[in-house]
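Single-structure report; data block below.
Below, chains carry the letters A, B, ... as their sequence lines are ordered, and counting in each starts from 1.
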Protein chains: 2
Amino acid sequence: MTYTHAMETRNTLKIDTDQDIASQLRKVGITPTQQRVQIAEILFARPQHMSADQVLALVNRDGPTASKATIYNTLGLFARKGLVREVIVDPSKVFYDSNTTIHHHFFNVDTGELTDIPADDLILNNMPELPPGTESAGIDVIFRIRSRDARH
Amino acid sequence: MTYTHAMETRNTLKIDTDQDIASQLRKVGITPTQQRVQIAEILFARPQHMSADQVLALVNRDGPTASKATIYNTLGLFARKGLVREVIVDPSKVFYDSNTTIHHHFFNVDTGELTDIPADDLILNNMPELPPGTESAGIDVIFRIRSRDARH
DNA sequence: CAAATTTCTAGACTTGGTCGAAACTGATGA
DNA sequence: TCATCAGTTTCGACCAAGTCTAGAAATTTG
Ligand SMILES: [Mn+2]
Ligand SMILES: [Mn+2]
Ligand SMILES: [Zn+2]
Ligand SMILES: [Zn+2]
């Protein structure tokens with residue numbers, strides 16, 4: 001278990017009050033504004049993969065709460081701070097993954113569905129040496145799948 | 001070695017005349033038009049990763065040869081026919097990989113550079129079972145790296 | 001309350017796709 | 001061999017979605 005404090009807390013504590021979320025955000029150096037707290041509430045309600053558009057729609061379900069620009073700013077901020085993981089599998093949009101523990105993905109190219117594969121279900125051996133002067137920024141393993149009945 | 005005939009030929013034959021390329025295209029059921037031959041010439045000159053925009057620029061370097069629409073149509077066609085592999089690593093654009101043998105990638109998130117890792121340098125063990133009713137459409141393994149000096 | 005930060009609206013920008021008209025390809029048969 | 005013609009491909013000119021900017025207005029912090 002080597003994930004960050006913020007992540008570990010998120011994965012072990014039940015977060016359901018704005019107080020909790022606000023302090024979580026403060027811990028990673030993010031000022032907890034109303035918009036950020038709402039976005040975090042939605043995102044961290046459970047491990048899930050959401051697009052910016054989905055977050056926007058959910059945040060504003062009952063009346064306007066945050067603008068599109070704020071959604072993008074906030075998701076980018078959360079990603080930089082390590083609260084969410086950006087998953088690049090679909091050229092048309094980024095998925096924000098609220099599960100930041102190490103794991104891999106199935107991506108159904110027919111349905112666009114993205115699902116998790118626990119890290120220990122797959123073992124990588126013989127990992128390549130990184131090119132000189134570089135350091136790891138994460139490993140993505142994506143099993144692209146297709147619904148078997150889908151028009152060939 | 002289980003790649004398709006077209007691929008194997010590309011990897012073993014030196015292709016430098018339009019005749020060669022035209023017959024390669026015919027073999028996979030693609031009518032070899034002038035635009036398609038030019039695009040193929042550029043793409044298959046060597047194993048490389050190119051964006052649609054890069055192909056467009058190179059094809060039209062000395063005078064207009066193919067329109068943007070044709071570039072996108074052709075790259076999509078080549079991908080469907082298995083002549084190139086789409087690599088999704090950068091949310092802002094698709095890379096078309098003229099190397100269709102099984103292999104993995106380093107992606108430098110600072111420079112946008114994409115480089116190959118030979119398949120046998122990495123071994124995947126304990127591969128997960130595919131979800132019921134699905135079949136594989138490819139496995140992507142991407143080592144995201146960062147230049148070590150890059151601003152934190 | 002003032003300074004610093006954040007949000008918002010509006011619009012720009014990029015990748016990639018669509019549409020209908022014009023050009024091309026390749027099979028046919030005179 | 002060549003004209004013809006149906007089917008295919010290309011093209012320019014939009015268009016759409018996702019994402020990012022800019023500057024003004026609002027909010028947060030101390
Ligand atoms: Mn797109
Ligand atoms: Mn982008
Ligand atoms: Zn995930
Ligand atoms: Zn490659």
**Request:** With DNA chain C as reference, determine whether Thr31(B) or Asp53(B) sits nearer its 5' end, using the nearest nucleotide of each.
**Result:** Asp53(B)

**Message:** Could you check whether any side-chain heavy atom of Thr33(A) comes within less than 4.5 Å of a side-chain heavy atom of Thr70(A), counting everything from C-beta outward?
**Reply:** no

**Message:** According to side-chain contact (heavy atoms from CB on, under 4.5 Å), who are the partners of Asn73(A), at least two apart in sequence or on a separate chain?
**Reply:** none

**Prompt:** Do you reckon Leu122(B) sits in the same ILVMFWY cluster as Ile145(B), going by side-chain contacts under 4.5 Å, direct or chained?
**Reply:** yes

Please tabulate the protein-to-nucleotide N/O contacts below 3.5 Å involving nucleotides 7-10 of chain C, giving atom names and distances.
from   : atom 1 : to       : atom 2 : distance (Å)
dT7(C) : OP1    : Thr33(A) : OG1    : 2.6
dT7(C) : O3'    : Gln35(A) : NE2    : 2.8
dC8(C) : OP1    : Gln35(A) : NE2    : 3.4
dC8(C) : OP1    : Thr65(A) : O      : 3.3
dC8(C) : OP2    : Ser67(A) : N      : 2.8
dC8(C) : OP2    : Ser67(A) : OG     : 2.9
dC8(C) : OP2    : Thr70(A) : OG1    : 2.4

**Complete:** Rounded to whole Å, the NZ-P distance (Lys93(A) to dG17(C)) equals 14 Å

**Prompt:** By salt bridge (charged side-chain N to carboxylate O under 4.0 Å, His left out), which residues pair with Arg36(A), not counting sequence neighbours?
**Reply:** none

**Request:** May I have the distance from Leu56(B) (atom CG) to dC11(D) (atom C1'), rounded to whole angstrom?
**Result:** 13 Å

**Complete:** Hits for side-chain contact (heavy atoms from CB on, under 4.5 Å) against Ile139(A), two or more places apart or cross-chain, chain-then-number order -> Leu124(A), Met127(A), Val141(A), Phe143(B)

**Message:** Does anything in residues 54-102 of chain A form a ring pair (Phe, Tyr, Trp, His ring centres under 6.0 Å)? List the pairs, not counting sequence neighbours.
**Reply:** none

**Asked** To the nearest 10 degrees, how far apart in direction are the end axes of the helix from dC1(C)-dG30(D) to dA30(C)-dT1(D), each fit to five base pairs?
**Response** 30°

**Prompt:** When you check the phosphate oxygens OP1 and OP2 of dC20(D), does a side-chain N or O of Tyr72(A) lie under 4.0 Å from one of them?
**Reply:** no

